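Structure first, then comments.
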Amino acid sequence: MVVLDASVIINLNASGFAREILAALSERFLVTTNAVEELRRGDDSGHDDRKKLDTLIAVGSIALAELDDEAYVVYESLIDEGRGFSLDDGEAATIAAGAVWGACVVIDERKARRHCRDDFGTMTVLSSAELFLHSAIAREIGADAQREAVIRALQIGRMRVPPECVDSIVSLIGLDLAAECPSLPRSARPELRVPLPLPPVEA
């Protein structure tokens with residue numbers, strides 16, 4: 001099982017190839033009702049990610065999952081501000097589902113990924129970028145379509161890319177297009193790189 005966080009759904013929708021990407025990866029994909037509620041709140045702002053997710057659920061690309069009692073206990077611990085940190089509702093539910101059900105979690109927010117490492121060391125944690133870079137996608141939809149999907153996820157979905165994936169993403173889309181993707185770190189965008197100081201000229 002693979003549990004997708006709300007931000008991952010947004011990136012998949014933005015890519016224009018959500019159904020094809022999920023089919024290429026051949027896993028059982030789940031999304032928690034908590035994450036769906038996060039997407040629903042975007043309806044009032046004119047976003048249609050919840051509606052697009054409904055379509056993916058209807059065709060069987062993703063299954064809707066409700067936290068059971070055991071997962072709910074973990075979820076409550078992750079939103080407990082008394083612990084000195086708290087995650088948002090969808091992230092906490094996604095992590096709790098992964099922890100209790102032994103599922104892989106796909107999540108992009110840095111703090112959430114850190115908690116996965118610190119509190120659930122055996123959990124497999126991936127990012128949206130790692131999904132998009134999977135070799136099965138290029139085989140199924142073609143390298144050009146994979147590249148287009150990544151560009152759209154970056155430019156429309158504002159996909160966050162963890163440091164370990166930046167070079168692979170930039171290599172896939174090219175430096176020119178990387179410069180047009182504000183969600184990439186500054187170091188990956190040529191126009192924002194700070195030039196190294198020139199050595200002094202010897203007299």
Side-chain angles (χ1 to χ4, degrees), residues 1-15 18-19 21-22 25-134 153 157-165 183:
M1 293 186 292
V2 180
V3 187
L4 306 176
D5 190 39
S7 64
V8 183
I9 301 296
I10 291 170
N11 294 328
L12 285 166
N13 287 338
S15 77
R19 191 170 173 181
I21 288 170
L22 295 171
L25 296 174
S26 301
E27 300 288 349
R28 184 187 176 201
F29 291 99
L30 307 176
V31 61
T32 67
T33 54
N34 306 68
V36 174
E37 177 61 20
E38 280 193 13
L39 295 173
R40 188 198 64 76
R41 290 196 289 269
D43 292 351
D44 295 337
S45 302
H47 300 293
D48 60 355
D49 288 292
R50 195 256 322 151
K51 184 182 295 185
K52 289 180 178 179
L53 174 59
D54 288 345
T55 300
L56 292 171
I57 292 172
V59 300
S61 296
I62 300 177
L64 188 61
E66 185 90 35
L67 296 183
D68 56 23
D69 290 346
E70 187 179 356
Y72 193 78
V73 171
V74 177
Y75 158 79
E76 285 194 313
S77 74
L78 291 170
I79 60 171
D80 180 8
E81 294 183 0
R83 292 185 60 186
F85 69 84
S86 65
L87 301 174
D88 70 29
D89 201 57
E91 290 165 354
T94 298
I95 295 171
V100 173
W101 300 341
C104 171
V105 165
V106 189
I107 198 163
D108 292 327
E109 205 276 337
R110 187 180 304 170
K111 181 170 68 172
R113 291 168 62 83
R114 185 175 70 249
H115 287 312
C116 289
R117 291 194 304 269
D118 294 347
D119 296 343
F120 309 101
T122 62
M123 182 189 297
T124 300
V125 183
L126 300 176
S127 64
S128 292
E130 288 170 293
L131 285 190
F132 282 101
L133 288 168
H134 199 289
R158 299 297 180 97
M159 179 172 69
R160 295 183 181 184
V161 179
E164 64 270 20
C165 294
S183 65

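If you're wondering where the values come from, they're calculated on a predicted model, not measured in any experiment.
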Who pairs with Arg160 by salt bridge (charged side-chain N to carboxylate O under 4.0 Å, His left out), at least two apart in sequence or on another chain? none
Of all residues at least two apart in sequence or in a different chain, which pass the salt bridge (charged side-chain N to carboxylate O under 4.0 Å, His left out) check with Asp54?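 Expected list: Arg50.
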Shortest non-hydrogen contact from [X] toward [Y]:
X      : Y      : result
Ala103 : Met123 : O-CG, 4.1 Å
Leu12  : Ala18  : O-CB, 3.5 Å
Gly90  : Thr32  : O-OG1, 4.4 Å
Leu67  : Ala93  : CD2-O, 3.7 Å
Met159 : Ser183 : O-OG, 2.7 Å
Ile79  : Ala92  : CG2-CB, 3.5 Å

Does [X] have more than 12 heavy atoms from other residues, nucleotides or ligands lying within 6.0 Å of its [atom1]?
X      : atom1 : result
Asp69  : CG    : no
Arg110 : CZ    : no
Glu76  : CD    : yes

Say you draw a straight line from [atom1] of [X] to [atom2] of [Y]; how long is it, rounded to the nearest 0.5 Å?
X      : Y     : atom1 : atom2 : result
Asn34  : Asp89 : CG    : CG    : 4.5 Å
His47  : Leu39 : NE2   : CG    : 10.5 Å
Ser77  : Ile95 : OG    : CD1   : 9.5 Å
Lys111 : Asp88 : NZ    : CG    : 8.0 Å
Arg41  : Asp49 : CZ    : CG    : 13.5 Å
Ser15  : Ile10 : OG    : CD1   : 12.5 Å

Does any part of the side chain of [Y], heavy atoms only, come nearer than 4.5 Å to the side chain of [X], both counted from C-beta?
X      : Y      : answer
Leu25  : Val2   : no
Trp101 : Leu30  : yes
Asp5   : Asp108 : no
Asn11  : Leu131 : no
Leu22  : Val59  : no
Leu64  : Val31  : yes
Leu56  : Phe29  : no

Side chain Arg158, main chain Ala153, donor-acceptor under 3.5 Å: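 It does not hold such a pair.
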For side chain to side chain donor-acceptor pair (under 3.5 Å), just list the numbers for Thr94 and Glu91, CA-CA rounded to whole Å, side-chain angles, deciding distance to a tenth of an Å, and then say yes or no. CA-CA 5 Å; Thr94 298; Glu91 290 165 354; over 6 Å; no
Start with the C-alpha distance between Ser127 and Glu164, add both sets of side-chain angles, then the distance that settles side chain to side chain contact (heavy atoms under 4.5 Å, CB included), and finish with yes or no. CA-CA 10 Å; Ser127 64; Glu164 64 270 20; 5.9 Å; no
Given side chain to side chain contact (heavy atoms under 4.5 Å, CB included), test Val74 with Phe120 step by step and report yes or no. CA-CA 11 Å; Val74 177; Phe120 309 101; 3.7 Å; yes
Can you tell me which residue among Thr55, Leu53, Val36 is in a side chain to side chain contact (heavy atoms under 4.5 Å, CB included) with Ile62?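 Answer after filtering Thr55, Leu53, Val36: Leu53.
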